Amino acid sequence: MAITFEQVNFSYGAGTTLAQRVLHDITVDMPTGKVTAIVGQTGSGKSTLIQHINGLLKPTSGQIRIDDFELTASTKEKELVNLRQKVGIVFQFPENQLFANTVLEDVMYAPLNFGATKDAAKLEAARALNRVGVSEDLWGKSPFELSGGQMRRVAMAGTLASNPSVVVMDEPAAGLDPKGQTELLSIVLELKKLGKTIIFISHQMDHVVAVADQVVVMNEGRVVAKETPRQLFNRELSWFQTMKLDLPKAGQLAEKLKDKGVTLSRRPLDLGELAELINQEVGHE
Amino acid sequence: MTQAIKIDNLKYNYNNDQVLFDGFNLTIDSGQWVALVGHNGSGKSTLAKLILGLIAANSGNIDVFGERLTVDTVHHVREQIGMVFQNPDNQFVGATVADDVAFGLENKQIPSVEMPRMIDEALSIVGMLDFKDREPHMLSGGQKQRVALASVLALQPKIIILDEATAMLDPDGRATIMHTLQDLKARFGHDITFVTITHDMDEAILADRVVVINDGQLILDGTPANVFSQYDVIHNNGLELPFAGELAEKLDAKPKSYLDERELIQWLSRLNK
């Protein structure tokens, strides 16, 4: 399901004297079956933007098309039920939202809520848990007995169990150990393989490079760039300083090398590319 | 040198049956900055809880500045240890930043005339004095953790334990906390002992000493340079080296010993001449 924002404006407290404009004239598309990363400093409007994708917030003006659904200021609350079944959101540190007695019950909650029978919900939950790699011997346990990485995956399964075609994630891999981060990012790529449209917010540029097809950069409520990671991270260094954005670690190190007189032929995106460039270009003169 | 924490032959089982620590020993000298690293579930946070007496060991001893941790001494031991936890949102009680720092002082029954000075001092050390009348929930994650650190500092602990205090922060917030810790280290020198529990090696590298644990076992213990020269051991225990270390491993021409980022860059720039 493709998502298109058309001239979307959003203000908190719209129509009151306290109105505070958070999103300015957003026009952007997030293509079907692709991974779109949304980046920008804290307060740039990223979270406000993603909450429009499943109608948690409605635009003050403009519209958002999610497949054939059209979200505008006048969309009624009860029309949103269908939308929410199609768009799942995984919030930051979703493990804080686990609540049921067992892992399985926790993941069954959403399908049950959307009207599935108990058996159907169980089936969906089992499929979602398998998809994120939570082994069956954990399903009967309390979610609170699990490790941080496992809890995160159970919480993701909770969103996936209603089989959404769009999955929105806020910092999916934050706070996990290196192995947990790698695993979480590979789940994102698995979901993409299943044809899902994925949107994720991240401050970790290395995560962006690892999974994103396109990057949307937000600054002060506006979209200031929309391009591939390769295009984005090739921009002038001063642009990143203005936007208060980091380069991926490999790019940061390449810039430090440049300061010491070692200039590589391009700015690398990740560790592998950095090592390759150094191996080819340094010390062979 | 005075021993800040001495853990001797510690045994601890999860849920009374799963063995975590089986004869664990670790001594931390006063004034040291020790990074305790391990993957999620390696036992590092449990160790912090045992030191604080939040959970009790099955057997073995923990001494804090020579005082044995027991049911009778636990309150006195805790007075010497400040703890900053992972989630910045779970550790606020005050309506303003200043109130929050005051909370700990009130618990310690500090005379109220002395409090404003102590609060200002603690907040200024972490660079948060300008925020003293703000509501904690309006702060960024990194600012919240600095306030949490100020609340701990106001109580003048001899030991500060940070349990994955930066894990939930964005890179900016993480950097400000690490800078704050380096400032504290420069300011208090040997008067404060730091234990930072983390799985981020770019953080661990700032410590004087790195202790790697896994499944309740001590795997490596040494200076950052020593520990990070053990590439295979680090990876076999679900961890990674700091970025520069990972890079060095992938180079055709490798430096002879472990280099930190600054050293590696220097080494590469010489190679190019």
Side-chain angles (χ1 to χ4, degrees), chain A residues 39 41-43 92-93 95-96 145-152 171 174-183 201-206 244-250 252-264 268 270-285, chain B residues 14-15 18 37-42 44-45 86-90 139-143 164 166-175 198-202 214 234-235 237-254 261-262 264-273:
Chain A
V39 306
Q41 62 171 310
T42 307
Q92 228 180 77
F93 305 106
E95 54 274 25
N96 294 339
E145 284 176 47
L146 308 180
S147 75
Q150 289 167 335
M151 282 168 83
R152 179 77 52 94
E171 291 282 12
L176 300 178
D177 62 20
K179 201 162 145 254
Q181 295 190 19
T182 311
E183 283 168 6
I201 290 182
S202 185
H203 284 102
Q204 311 279 343
M205 297 307 137
D206 290 286
K244 297 216 169 96
L245 276 188
D246 289 327
L247 286 174
K249 283 181 183 166
Q252 289 180 27
L253 201 129
E255 288 301 320
K256 288 177 192 166
L257 274 173
K258 199 167 162 186
D259 290 341
K260 294 285 173 200
V262 184
T263 305
L264 302 174
D270 58 20
L271 179 67
E273 189 181 359
L274 174 61
E276 198 183 299
L277 287 174
I278 293 175
N279 285 338
Q280 287 167 1
E281 300 174 9
V282 178
H284 295 281
E285 282 159 44
Chain B
Y14 276 128
N15 312 324
Q18 256 176 298
V37 302
H39 64 73
N40 288 129
S42 58
K44 56 198 194 304
S45 292
Q86 183 183 50
N87 191 335
D89 295 319
N90 288 352
L139 305 178
S140 72
Q143 290 170 334
E164 299 202 32
T166 63
M168 293 177 85
L169 306 181
D170 60 30
D172 238 21
R174 185 169 302 175
T198 182
H199 46 65
D200 184 333
M201 294 304 203
D202 287 306
N214 194 8
I234 294 278
H235 277 257
N237 285 282
L239 297 167
E240 288 174 357
L241 295 185
F243 189 78
E246 291 292 329
L247 175 61
E249 193 61 30
K250 285 194 156 43
L251 296 180
D252 295 339
K254 291 184 183 54
E261 185 184 86
R262 196 181 47 84
L264 182 69
I265 288 172
Q266 215 161 31
W267 184 81
L268 284 168
S269 72
R270 270 203 298 268
L271 205 64
N272 214 26
K273 276 178 187 142

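Note that the structure is predicted; figures quoted are calculated from it, not measured. Throughout, a chain's letter reflects where its sequence line sits, starting with A, and its residues are numbered from 1.
Highest contact tally toward chain B, considering only A:Gly180, A:Ala174, A:Gly175, is held by A:Gly175 [criterion: heavy-atom pairs under 4.5 Å]. Between chain B and the options A:Lys179, A:Lys249, A:Gln41, A:Glu171, heavy-atom pairs under 4.5 Å are most frequent for A:Lys249.
Looking at B:Asp200, neither its backbone nor its side chain comes within 4.5 Å of chain A, counting heavy atoms on both sides. Contacts between B:Asn87 and chain A at a heavy-atom distance below 4.5 Å involve the side chain alone, from C-beta outward. Of the atoms belonging to A:Asn96, it is side-chain heavy atoms, and not backbone ones, that fall under 4.5 Å from chain B. If you measure heavy-atom distances from B:Glu261 to chain A, the contacts under 4.5 Å come from the side chain alone.
In this structure, CG in A:Leu271 is found 4.5 Å from CZ in B:Phe243, a value given to the nearest 0.5 Å.
For the residue pair B:Glu246 and B:His235, a side-chain donor N or O sits within less than 3.5 Å of a side-chain acceptor on the partner. One side chain, B:Asp170 or A:Thr42, offers a donor N or O that lies under 3.5 Å from an acceptor on the other. Judged purely by distance below 3.5 Å, without hydrogens or angles, the side chains of B:His39 and B:Asn214 pair a donor atom with an acceptor atom.
Although no hydrogens or angles enter the test, the distance criterion places a donor-acceptor pair under 3.5 Å between the side chain of B:Lys44 and the main chain of B:Gly38.
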